[in-house]
Amino acid sequence: MAIPLAYNVRSVFQRPVSTFTTAAGIGLTVAIFIGALALAEGFRASLVSTGSNDNALVLRKGADSEISSAISLESASIIRSSPGVATSPEGRSLASPEIVVVVNKDRLGMAGSSNLTVRGVDPAATGVRTALLLEEGRMFAPGSDEIIVAQRIAKRFANCEIGQKLRFEQRDFTVVGHFSAKGSAFESEIWGDASVLAPAMHREGVYQTLVFRMKDPGQFPAIKKALETDPRLQVEVFREREFFAKQSEMFTMIVTVLGTFITSIMAVGALFGAVNTMYATIGARTREIATLLVLGFSPLAVMLAFVVESLVISLLGGLIGCLLALPMNGITSSTTNFSSFSEQAFQFQVTPQVLLAGLAFSALLGLLGGFFPALHASRRPLAAALRGG
Amino acid sequence: MAWVEVREVHKQYQREKQAITVLDGLSLQIEEGEFVALMGPSGSGKTTLLNLIGGIDSPTSGDISVAGTNIARLSGAELARWRSNTIGYIFQLYNLMPVLTALQNVELPLLLHKMNGAERRKRATFALELVGLGDRLGHYPRQLSGGQEQRVAIARALVSDPKVLLADEPTGDLDRKSGEEVLQLLERLNTEFKKTIVMVTHDPHAAERAHRLVHLDKGVLSA
Ligand SMILES: Nc1ncnc2c1ncn2[C@@H]1O[C@H](COP(=O)(O)OP(=O)(O)O)[C@@H](O)[C@H]1O
Ligand SMILES: [Mg+2]
């Protein structure tokens with residue numbers, strides 16, 4: 001079957017204004033589509049990698065989040081001295097009983113306030129949470145009212161610069177350092193010494209959670225069993241990383257569902273746009289199409305050629321969309337994490353996969369957008385089409 | 001049987017549930033190598049008849065055969081293949097592809113025939129030289145005059161060596177001088193290359209070029 005491809009491909013480049021207008025329109029929707037995907041990608045990256053597989057996290061039996069958990073001082077000391085817990089070279093057990101409190105703080109550079117997670121930790125926590133990295137300043141001194149703030153939080157909230165004071169429950173805490181944590185959820189937190197934060201925040205006598213480094217992470221099932229069956233404790237034990245992954249599951253799902261919903265609506269809209277544009281493009285060439293058919297090209301060949309033309313234009317649009325979307329990469333934004341009700345920082349991540357998905361989307365737009373108008377045009381009664389009616 | 005044989009052809013169009021009869025039992029014979037001019041008032045069915053002979057439209061009833069093939073009952077795809085081998089069509093408004101050069105326009109119908117690019121180019125160039133446009137191969141339609149465009153269209157119509165050339169008011173949109181050139185060209189194709197030509201025209205002066213005049217009025221021939 002002979003296909004007048006040369007004619008259609010030349011049409012793309014010989015009508016630069018029409019081609020560019022159509023491609024730009026498709027490019028814009030593809031850019032928004034890529035934006036939605038990049039956002040979902042950013043969420044995923046900020047959520048899944050929190051915690052270590054070498055750590056175990058202990059919560060009260062039945063607690064479904066850190067905030068709703070409670071571990072008594074007695075339980076904490078029993079767990080701390082249990083045989084599965086690793087020790088530092090100096091002989092200290094690598095365990096951190098922690099309090100987790102949500103506070104409300106003023107945003108920087110804009111009106112309003114937002115929730116933040118404050119984590120009171122044991123000074124041994126640095127040996128447990130090895131992902132933590134001080135970017136500026138120094139670690140808080142044990143037993144002092146000093147705190148360290150995640151770098152990403154410091155940029156978004158007031159009074160978080162080193163040397164400035166943050167007030168929690170009538171008491172001032174001095175910021176002495178900024179940290180990062182390999183992109184994990186800890187980058188949305190403020191850390192201080194639990195022994196100072198607990199009384200300040202009226203949380204004496206009870207911790208929320210306890211995290212410890214396992215002597216042998218391979219023994220996790222045995223460690224878990226030993227603690228969970230101890231009648232004095234009434235606790236549940238998780239691998240730290242699995243726990244945080246599960247915590248964000250709901251959040252990730254909501255984001256995914258919402259993202260899918262929004263992108264689907266946009267995709268359908270873009271599709272109608274593409275079909276409309278191709279109808280107009282093809283409609284303006286009724287006489288040329290009729291002429292191709294008179295010359296003897298088959299209706300199927302003509303239809304295929306116009307679908308290919310539409311595909312070429314929409315792929316150009318896809319490239320424009322990728323170029324438009326690239327600058328989004330790395331833009332930081334935030335939202336509320338529904339499992340802790342605190343501020344969650346994340347970045348748009350325009351990965352190669354996301355760009356590829358954008359291109360595939362534009363190709364789909366081209367195929368579907370070209371198909372119906374091309375089918376319609378190639379099937380019209382020839383005599384009527386020649387009259388241009 | 002005649003080269004072009006139209007027998008008892010009726011053609012009706014449906015317009016808003018109302019059937020209008022355009023051709024009413026029309027019969028016509030054209031011999032191989034003839035140059036026939038088809039005249040008649042506007043709306044008398046000249047284009048319709050030309051489209052039926054060219055396999056662009058199908059009759060409501062009756063038979064049409066061209067060069068021995070009865071085309072009245074062929075399907076759309078069969079007609080398309082048949083047209084590419086049998087018919088060269090020349091339109092009043094040339095119908096060239098604006099995005100293709102003169103050479104590419106003339107090469108276009110050759111895509112439907114088995115031949116390589118070099119052969120296509122050679123044939124298209126020859127056809128353009130024949131119509132006197134050997135020096136305009138790379139020009140786009142917008143860079144040509146109306147008369148030149150129509151001559152490119154004629155080159156396109158004859159490049160695949162069709163059995164019949166059909167021309168629907170080929171000079172209708174041209175000034176006197178360009179029209180004259182186009183008519184001379186058609187005449188030469190008929191006398192020198194023995195092409196069978198059916199030409200619709202309003203212009204008695206143009207009709208004089210033909211061997212035979214056929215008048216169409218209200219869907220029937222009138223001597
Ligand atoms: N595809 C069509 N659908 C409906 N009516 C048509 C169609 N083609 C032609 N007609 C009608 O048929 C009549 C003859 O048209 P046409 O063959 O173009 O005449 P001519 O070429 O002699 O001016 C006109 O009344 C025209 O409106
Ligand atoms: Mg007409």
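All chains are named by letter (A, B, ...) in the order of the sequence lines, taking the proteins before the strands, and each is independently numbered beginning at 1.
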What residues of residues 160-174 of chain B sit under 4.5 Å from chain A when only non-hydrogen atoms are counted? none
When only heavy atoms count and the cut-off is under 4.5 Å, which of residues 105-138 of chain B reach chain A?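 If one takes a 4.5 Å heavy-atom cut-off, the residues of residues 105-138 of chain B near chain A are B/Leu108, B/Pro109, B/Leu111, B/Leu112.
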If you compare all heavy atoms of [X] against all heavy atoms of [Y], which two are closest, and at what distance to 0.1 Å?
X: B/Thr48; Y: A/Arg387; result: OG1-NH2, 3.9 Å
X: B/Ser84; Y: A/Gly296; result: CB-CA, 4.1 Å
X: A/Ala383; Y: B/Tyr13; result: CB-OH, 4.3 Å

Return yes when atom [atom1] of [X] has more than 12 non-hydrogen atoms of other residues, nucleotides or ligands closer than 6.0 Å, and no otherwise.
X: A/Tyr279; atom1: OH; result: yes
X: B/Gln14; atom1: CD; result: yes
X: A/Arg15; atom1: CZ; result: yes

Output the distance between atom [atom1] ([X]) and atom [atom2] ([Y]), rounded to the nearest 0.5 Å.
X: B/Glu78; Y: A/Ser298; atom1: CD; atom2: OG; answer: 12.5 Å
X: B/Leu100; Y: A/Arg10; atom1: CG; atom2: CZ; answer: 6.0 Å
X: B/Arg156; Y: A/Thr291; atom1: CZ; atom2: OG1; answer: 6.0 Å
X: A/Leu386; Y: B/Gln92; atom1: CG; atom2: CD; answer: 12.5 Å

Contact part of B/Asn95 toward chain A, heavy-atom cut-off under 4.5 Å: side chain, backbone, both or neither? both
Which bit of B/Leu93 is near chain A, if near means a heavy-atom gap under 4.5 Å: side chain, backbone, both or neither? both
Under 4.5 Å from any heavy atom of chain B, what part of [X] do you find: side chain, backbone, both or neither?
X: A/Arg285; answer: neither
X: A/Phe297; answer: both
X: A/Leu292; answer: both

Best-contacting candidate, A/Leu300, A/Ile3, A/Val294, against chain B by heavy atom pairs under 4.5 angstrom: A/Val294
Is it true that the side chains of B/Tyr140 and A/Gln14 contain a donor and an acceptor less than 3.5 Å apart? yes
Does the side chain of A/Pro4 come within less than 4.5 Å of B/Met97's, by heavy atoms? no
